[in-house]
Amino acid sequence: LELAEQTGDETHFSRIRRAHDRMDTLIDQVLMLVHEDGEFNTAPYPLADLANQAWAHVDTGDATLTVETDDLLICNEDLTLQLFENAFRNSVEHAGQDCHIELTTVRESDDNGPSTDRILLSDDGPGIPEDQREVVFDHGMTTTEEGTGLGLAIIEKIVRSHGWSIRATSGPEGGLGLLISDAELKTSTDAEAGQ
């Protein structure tokens with residue numbers, strides 16, 4: 001690629017660059033899967049900032065992202081960026097280059113206990129049939145020829161390494177929803193109060 005750039009022959013630049021980006025992604029994903037779980041630092045990060053940073057790292061085509069939360073997430077920044085990058089890449093690959101992706105926080109409470117904070121990342125694509133939702137996080141599970149079956153497996157690994165849980169569901173617009181539970185969310189008011 002560097003030699004081609006020096007000679008000025010631009011015929012296949014974009015194709016070469018995409019291939020290199022894809023190889024880098026695959027290498028990172030495989031390394032993430034084989035890396036032994038270890039301890040890592042966590043801190044409160046604005047969820048919207050994490051999502052927007054990850055969005056900027058992914059080739060999203062004409063896809064759009066809406067973030068509807070001002071909550072802080074207690075997490076490891078690098079791992080959480082990887083989580084969002086994989087989720088966005090997965091949505092664009094499966095829901096289309098013009099899909100819409102939405103990130104929200106969900107607060108639910110039941111009669112038996114305190115409220116439960118959850119993170120919902122969803123798209124408006126075709127979604128996943130209910131009978132396949134249990135296996136979407138398995139290594140190698142993919143529904144496209146271009147897919148590696150690593151993206152969602154790595155998302156699950158990152159989620160579990162934080163002590164959270166995740167399940168596939170359907171989003172508000174009918175596409176794939178990734179519902180993350182047991183994550184520690186704080187409002188900016190909580191953070192200012194030192195809670």
In sequence, state the C-alpha distance, the side-chain angles, and the governing distance for D70 and T187, and then conclude on side-chain contact (heavy atoms from CB on, under 4.5 Å). CA-CA 7 Å; D70 58 1; T187 65; 5.8 Å; no

Passes side chain to side chain donor-acceptor pair (under 3.5 Å), Q82 versus D78? Steps please. CA-CA 6 Å; Q82 181 72 48; D78 292 335; over 6 Å; no

Under the side-chain contact (heavy atoms from CB on, under 4.5 Å) rule, what do T69 and T104 come out as? Steps first, then yes or no, please. CA-CA 6 Å; T69 180; T104 59; 5.9 Å; no

side-chain contact (heavy atoms from CB on, under 4.5 Å) for E184 and L73? Distances and angles first, verdict last. CA-CA 6 Å; E184 187 179 352; L73 174 63; 5.9 Å; no

Stepwise side-chain contact (heavy atoms from CB on, under 4.5 Å) test for L120 and I180: CA-CA 6 Å; L120 179 62; I180 299 172; over 6 Å; no

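Residue H100 comes nearest to L65 through the heavy atom pair CE1-C, 4.3 Å, listed as atom of the first residue, atom of the second, then distance. Across L103 and A51, no two heavy atoms sit closer than the pair CD2-CB, 3.6 Å. Across all their heavy atoms, C75 and L50 have their closest contact at SG-CD1, 3.8 Å. Between P126 and A95, the closest heavy-atom pair is CD-CA, 4.0 Å. The shortest heavy-atom contact between N76 and T42 is N-CG2, 3.8 Å. Scanning both residues, C99 and S91, for their nearest heavy atoms gives SG-O, 3.9 Å.
Contact check for L47 versus V67: no side-chain heavy atoms found under the 4.5 Å cut-off. In this structure, the side chains of I74 and Y45 stay at 4.5 Å or more apart for every pair of heavy atoms. Taking the side chain as every heavy atom from C-beta outward, L179 and I166 never approach each other to under 4.5 Å. Within the 4.5 Å cutoff, no side-chain heavy atoms of H94 are placed close to those of L176. Side-chain contact check for I155 versus L178: some heavy-atom pair is nearer than 4.5 Å. Contact check for L152 versus N90: side-chain heavy atoms found under the 4.5 Å cut-off.
Residue pairs that meet the ring pair (Phe, Tyr, Trp, His ring centres under 6.0 Å) test with at least one member in residues 58-78, sequence neighbours left out, do not exist here. Sorted by first and then second residue, the side-chain hydrogen bond (donor to acceptor under 3.5 Å, both in side chains) pairs with a member in residues 163-176 read S165-D182; sequence neighbours excluded.
Counting only N and O atoms by type, the side chains of D71 and T105 include a donor and acceptor under 3.5 Å apart.
Contact check on R160 versus E156 returns a salt bridge, with a Lys/Arg side-chain nitrogen under 4.0 Å from an Asp/Glu carboxylate oxygen.
Distance CD/E102 to OG/S122: 5.0 Å, rounded to 0.5 Å. To the nearest 0.5 Å, the span separating CZ on F84 from CD on Q53 amounts to 11.0 Å. Of the inter-residue distances, the one linking D98 atom CG with D62 atom CG reads 7.0 Å to the nearest 0.5 angstrom.
No more than 12 heavy atoms of other residues, nucleotides or ligands sit less than 6.0 Å from atom CG of N41. Q97 CD: more than 12 foreign heavy atoms inside a 6.0 Å radius.
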